[in-house]
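As the structure lists them, so they are numbered: ligands from 1, and atoms in each ligand from 1. Predicted model only: the values in this text are computed from it and were never measured.
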Amino acid sequence: MKNIVILTGAGISAESGLRTFRAEDGLWEDHPVEEVATPEGFARDPGLVQRFYDERRSGVMAAQPNPAHEALGRLDREFAGELLIVTQNIDDLHERGGANRVLHMHGEALSVWCTACDTRHRWEGTLLDGPPCPSCGQVSMRPDIVWFGEMPYRMNEIFHALSRADLFVSIGTSGAVYPAAGFVQHARENGAHCLELNLEESLGSRMFHETRLGKASELVPAWVGEVLG
Ligand code: NAD
């Protein structure tokens, strides 16, 4: 095995205390996603959306990586082949768990985007109080989050990696949010072995060659141990 692509979702951070998005009822932290995770929701009530991500930002900073993040950090350090960890998560727990080869396809809670001058800044504070952009001084900063209806980041790079993967592993994702839910099909059609690690069967489970059910904090360290021998 020379080339691994991993896709992670909210399930890998659940044991760090960050709540998952509940596909069944469309709620994220008790809010309908169209209220807090769409451009229309932001246009309708920017204060509500800024407050929502201000809370996500402080929640992310208070959370700690769990053994699943740490195992992927170990994999990144010790696996000699090519590796890409594509995450749908906006938290930074992969990085704090020691992984470097991480791509945040849905943006990051600790980054903000100025729509006036198109710059991005690391941000640990709040946006609800309307701070000026450090680059241009305008009050035009929004969360650097890819909302429903917006284009996820770095898709060409992701599909290129999926095309070359010989192993694709999906961890803690429900298979409800596209385009990430379609990655397994692309990897499989290009010859990758496809493994799913999840608490329960997901919408896409039948697309995988193998599904292992259980907690990420147990399944991921065990799988990394197998890969590294
Ligand atoms: P999802 O919430 O739709 O699905 C989570 C999946 O994880 C479920 O299939 C569930 O069975 C599984 N799971 C729950 N606990 C687990 C555990 N302990 N071990 C293993 N699996 C477990 O998540 P998604 O597919 O990532 O889609 C949610 C979207 O919402 C993402 O695009 C993301 O941007 C956003 N989101 C991010 C975070 C975060 O950054 N931590 C949290 C919530 C939502």
Side-chain angles (χ1 to χ4, degrees), residues 6-39 41 49 52-72 85-97 99 102-111 143-155 158 168-184 195-208 211-224:
I6 298 171
L7 172 68
T8 67
I12 198 168
S13 297
E15 291 167 80
S16 295
L18 299 178
R19 284 164 69 184
T20 59
F21 161 69
R22 305 211 342 240
E24 321 86 67
D25 54 16
L27 295 183
W28 184 6
E29 296 278 352
D30 306 321
H31 290 273
V33 287
E34 55 278 10
E35 215 172 70
V36 295
T38 62
V49 176
F52 179 81
Y53 290 98
D54 284 352
E55 287 167 6
R56 303 286 74 69
R57 202 173 298 117
S58 59
V60 161
M61 287 191 292
Q64 297 302 325
N66 69 54
H69 301 107
E70 283 159 3
L72 294 186
I85 301 169
V86 179
T87 187
Q88 301 168 84
N89 294 346
I90 62 172
D91 65 56
D92 64 346
L93 297 180
H94 283 306
E95 289 86 347
R96 284 198 274 140
V102 181
L103 187 163
H104 285 270
M105 65 178 288
H106 290 165
E108 295 178 65
L110 296 175
S111 175
D144 187 11
I145 303 292
V146 177
W147 288 325
F148 288 94
E150 298 181 325
M151 182 61 81
Y153 294 149
R154 297 165 67 183
M155 290 303 290
I158 295 171
F168 172 72
V169 186
S170 168
I171 305 171
T173 175
S174 62
V177 179
Y178 278 84
F183 290 174
V184 58
L195 168 66
E196 175 179 45
L197 310 178
N198 207 27
L199 196 57
E200 55 195 24
E201 292 219 344
S202 70
L203 292 171
S205 283
R206 58 183 179 79
M207 289 300 301
F208 290 84
T211 294
R212 300 182 192 176
L213 300 182
K215 292 180 183 174
S217 62
E218 293 167 6
L219 293 178
V220 179
W223 169 71
V224 167

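- Taking every heavy atom of K215 and a limit of under 4.0 angstrom, the matching atoms of ligand 1 come to 19 (N).
- Ligand 1 has no nitrogen or oxygen under 3.5 angstrom from a nitrogen or oxygen of S202.
- Checking only distances, R19 never comes within under 3.5 Å of ligand 1, N or O to N or O.
- Annotation for ligand 1: atoms under 4.0 Å from non-hydrogen atoms of G214 are 19 (N), 20 (C).
- The shortest N/O to N/O separation between L18 and ligand 1 does not fall below 3.5 Å.
- Taking the six-membered ring for Trp and thresholds of 30 and 60 degrees, F52 and W28 have ring planes more than 60 degrees apart, a perpendicular arrangement.
- Between the side chain of N89 and the main chain of G9, a donor-acceptor pair closer than 3.5 Å is present.
- Considering only heavy atoms from C-beta on, T8 stays 4.5 Å or farther from Q88 through its side chain.
- Summarising the contacts of atom 13 (N) of ligand 1 with A216, G11, A181, the nearest heavy atom is found in G11.
- In this structure H104 satisfies the ring-ring contact (aromatic ring centres under 6.0 Å, His included) test with no other residue, sequence neighbours excluded.
- Under 4.0 angstrom from ligand 1, the non-hydrogen atoms of E15 all belong to its side chain.
- Ligand-side atoms of ligand 1 in range of I90: 39 (C), 40 (O), range being under 4.0 angstrom from any heavy atom.
- Using bins of under 30°, 30° to 60° and over 60° for the plane-to-plane angle, the ring pair H94/H69 lands in the perpendicular bin.
- Under the salt bridge (Lys or Arg N to Asp or Glu O under 4.0 Å) criterion, R154 pairs with E157, not counting sequence neighbours.
- With F168 as the partner, the side-chain contact (heavy atoms from CB on, under 4.5 Å) test is satisfied by one option alone out of V86, V184, I6: V184.
- Considering backbone and side-chain atoms alike, W28 places every N or O at 3.5 Å or more from each N or O of ligand 1.
- Close approach to A14 involves these atoms of ligand 1, each under 4.0 Å from a residue heavy atom: 15 (N).
- Within the listing of ligand 1, atoms 1 (P), 3 (O), 4 (O), 6 (C), 9 (O), 25 (O) sit less than 4.0 angstrom from a heavy atom of S174.
- For ligand 1 and A10, the ligand atoms under 4.0 Å from any heavy atom of the residue are 2 (O), 23 (O), 24 (P), 26 (O), 42 (C), 43 (C).
- The side-chain contact (heavy atoms from CB on, under 4.5 Å) test with L93 singles out one residue from T87, L18, N66, and that residue is L18.
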- Task: I would like to know whether E201 and T211 meet side chain to side chain donor-acceptor pair (under 3.5 Å); could you show each step before the answer?
- Result: CA-CA 8 Å; E201 292 219 344; T211 294; 5.5 Å; no
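- Counting atoms of ligand 1 from 1 in the listed order, those under 4.0 Å from a heavy atom of G172 are 5 (C), 6 (C), 7 (O), 21 (N).
- Residue-to-ligand polar distances place D91 within reach of ligand 1: an N/O pair is separated by less than 3.5 Å.
- Nearest-residue assignment for atom 21 (N) of ligand 1 (options V177, T173, L199; heavy-atom criterion): L199.
- Below 4.0 Å from some heavy atom of G9 lie the following atoms of ligand 1, by number and element: 26 (O).
- Looking at heavy atoms from C-beta onward, H31 lies out of side-chain contact with V49 at the 4.5 angstrom threshold.
- Considering backbone and side-chain N/O of F21, one or more are found under 3.5 Å from N/O of ligand 1.
- Judged purely by atom type and a 3.5 angstrom limit, Y153 has no side-chain atom pairing as donor or acceptor with the backbone of L103.
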